[in-house]
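Single-structure report; data block below.
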There are 2 protein chains.
Amino acid sequence: MSFASRMTAATAQDEAYRAILQDIRCGRHQPGERLIPETIARELAMSRMPVREALQRLANEGLVVIRPNRGCVVAGLTVEEIFELFEIRSVLEGLAVRLAMPRFDAAALAELDDHLARMRRAGEAGGADWLGRHQAFHAYICSLSGRPKLIAQIAALHIAVEPYMRVWLHHVSQPAHATERQDEVVEAIRTGDAEHAETVMREHVMRTAPRLAAFLRGRGEAAGMQAPLPADARL
Amino acid sequence: MSFASRMTAATAQDEAYRAILQDIRCGRHQPGERLIPETIARELAMSRMPVREALQRLANEGLVVIRPNRGCVVAGLTVEEIFELFEIRSVLEGLAVRLAMPRFDAAALAELDDHLARMRRAGEAGGADWLGRHQAFHAYICSLSGRPKLIAQIAALHIAVEPYMRVWLHHVSQPAHATERQDEVVEAIRTGDAEHAETVMREHVMRTAPRLAAFLRGRGEAAGMQAPLPADARL
DNA sequence: TCTTGTAATAGTGGATACAGTGATACAGGC
DNA sequence: GCCTGTATCACTGTATCCACTATTACAAGA
């Protein structure tokens, strides 16, 4: 493994975890694809063992599925499961913003505006990095809640749907960032009403779900699919 | 390992996971206690490897903490962290009951009453199994939401605070089950108003947090502690 | 031709062996 | 006596090896 990655990763296992996670997040490993420890280990120049443990970890986070004696595949989410993740995320981010309210001083609000501006710029520039900016915007709000476990859970949910968001944003003609209306969230925060901000955040998160779901359902029947999907297909 | 446990656990790793989890849940492994793979492996008559992977899994769930090259200890939660878990659980269980509302028919309501009755009986019988009944009551409501990932997350949160609940219920003179007021939740469900049920469930969950926190804070200073705690003590 | 049995192969889970790291205890210097 | 350097030891992380499982391909029979 490289020296540079050794700097950031304390152990080989951590190195493997980050590498595989990265490949799943950016869509390099497609859902349903089989992950063979031996192969990955060779690519990363380490033995199977740390790779196995990294896969284990990813399995706990729901990004891959391990069936005993039958290997490991990248977890494909059904449309229903994606919906469920959005439902969970909506209440968790609602909670986060409610708890964060007391910490929104002038400086924090200014930074929030910065995030909005960066998102807008990324959107106008073609949207390549829009998703990252969007996640950063949400992450910033969550971070102000001062609740580590809450922040971690929300981040995990963002990662789980990221591959699907990515293909959606890539294929959709009218970019999602035009219709997302994050400014409503910021407005709600500005009112200082915690209950209201929570409600708005919930609705904001849930607004994306049906549109993403519609896209994925349409894609499921699209001619462009590489192979016909079985009845219980996981997109 | 025993044949009986081999029946339920597909792999040695799973066997180890269940065994360690059980020991943590019932308080046999105290927070802060060091878990040495070698030792546990000997007890379970297997090698270090599956134990390691089981500990890894428990670390992801937040029940143990693994520091690279420095071993594994049972995760002690601070009072703040316990509070945080209750906050998260309150919104997740609120979501669960809201989503479950359409499925509460006469049969489901009857079963809910059964759960209440069983809890009451367990409480009167000394409260030994009250915690289990209480978790079953919540799990039943969650199960009707039909959201697997949501159910799993809530269950994990119940497990994380279980050891603390256990010592609290064991030490407290006036049993908690007398003041818990689960019937309010059932009443709210009976109204059929999903929003209202969500609110009531949230408040119900959050009602426990400050009392448990107060108990644990008091216990931190109690003479009965085995050893004086450092400043950043994790109870 | 289709089905079914069987052999070969790839891959998984687990055990053992080895190297590297952190902790500890002891000895020597200040 | 206290601090510091060092050597030892316990334990962690990784690699390699072995046994077992599942899958696949092929062949023989219906």
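Chain A is the first sequence line, chain B the second, and so forth, proteins listed ahead of strands; every chain is numbered from 1.
Sorted by first and then second residue, the ring pair (Phe, Tyr, Trp, His ring centres under 6.0 Å) pairs involving residues 71-104 of chain A (not counting sequence neighbours) form an empty list. Judged as a salt bridge (charged side-chain N to carboxylate O under 4.0 Å, His left out), the pairs with a partner in residues 140-166 of chain B (not counting sequence neighbours) are, in order, Glu87(A)-Arg147(B), Arg25(B)-Glu162(B), Glu162(B)-Arg166(B).
The interatomic distance linking Ile36(B) (CD1) with dC11(D) (P) rounds to 5 Å, in whole Å. Remark: P of dA15(D) and CD of Glu38(A) are 12 Å apart, rounded to the nearest angstrom. For the pair Asp14(A) CG and dG13(D) P, the interatomic distance rounds to 11 Å; values are reported in whole Å. dA10(C) atom P lies 12 Å from atom CZ of Arg42(A), rounded to whole Å.
Note on Arg52(B): a side-chain N or O is less than 4.0 Å away from OP1 or OP2 of dG13(D). A sub-4.0 Å separation between OP1 or OP2 of dT12(C) and a side-chain N or O of Arg34(A) is present.
Listed for the Glu81(B) side chain is a donor-acceptor partner under 3.5 Å among the backbone atoms of Thr78(B).
In this view, Glu33(A) satisfies the salt bridge (charged side-chain N to carboxylate O under 4.0 Å, His left out) rule with no residue, not counting sequence neighbours. With sequence neighbours excluded, the residues that form a ring pair (Phe, Tyr, Trp, His ring centres under 6.0 Å) with His138(A) are His134(A), His158(A), His204(A). The salt bridge (charged side-chain N to carboxylate O under 4.0 Å, His left out) search around Arg70(A) returns none, not counting sequence neighbours. Taking Arg57(B) as the reference, Asp14(B) meet the salt bridge (charged side-chain N to carboxylate O under 4.0 Å, His left out) condition, with sequence neighbours excluded.
Residues from residues 53-70 of chain B lying near DNA chain C, meaning a heavy-atom separation below 4.0 Å, are Asn69(B), Arg70(B) in numerical order.
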Please set out all donor-acceptor pairs under 3.5 angstrom arising from side-chain atoms of residues 47-55 of chain A, sequence neighbours excluded.
residue, atom, partner, partner atom, Å
Ser47(A), OG, Met49(A), N, 3.3
Arg52(A), NE, Glu53(B), OE2, 3.3
Arg52(A), NH2, Glu53(B), OE1, 3.2
Arg52(A), NH2, Glu53(B), OE2, 3.1
Glu53(A), OE1, Gln13(A), NE2, 2.9
Glu53(A), OE1, Arg52(B), NH2, 2.9
Glu53(A), OE2, Arg52(B), NE, 3.0
Glu53(A), OE2, Arg52(B), NH2, 3.3

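Using five terminal pairs a side, the axes of the helix from dT1(C)-dA30(D) to dC30(C)-dG1(D) at its two ends make an angle of 10°, given in steps of 10 degrees.
Looking at the side chain of Thr11(B), the nearest of the listed nucleotides dA15(C), dT16(D), dG13(C) is dG13(C).
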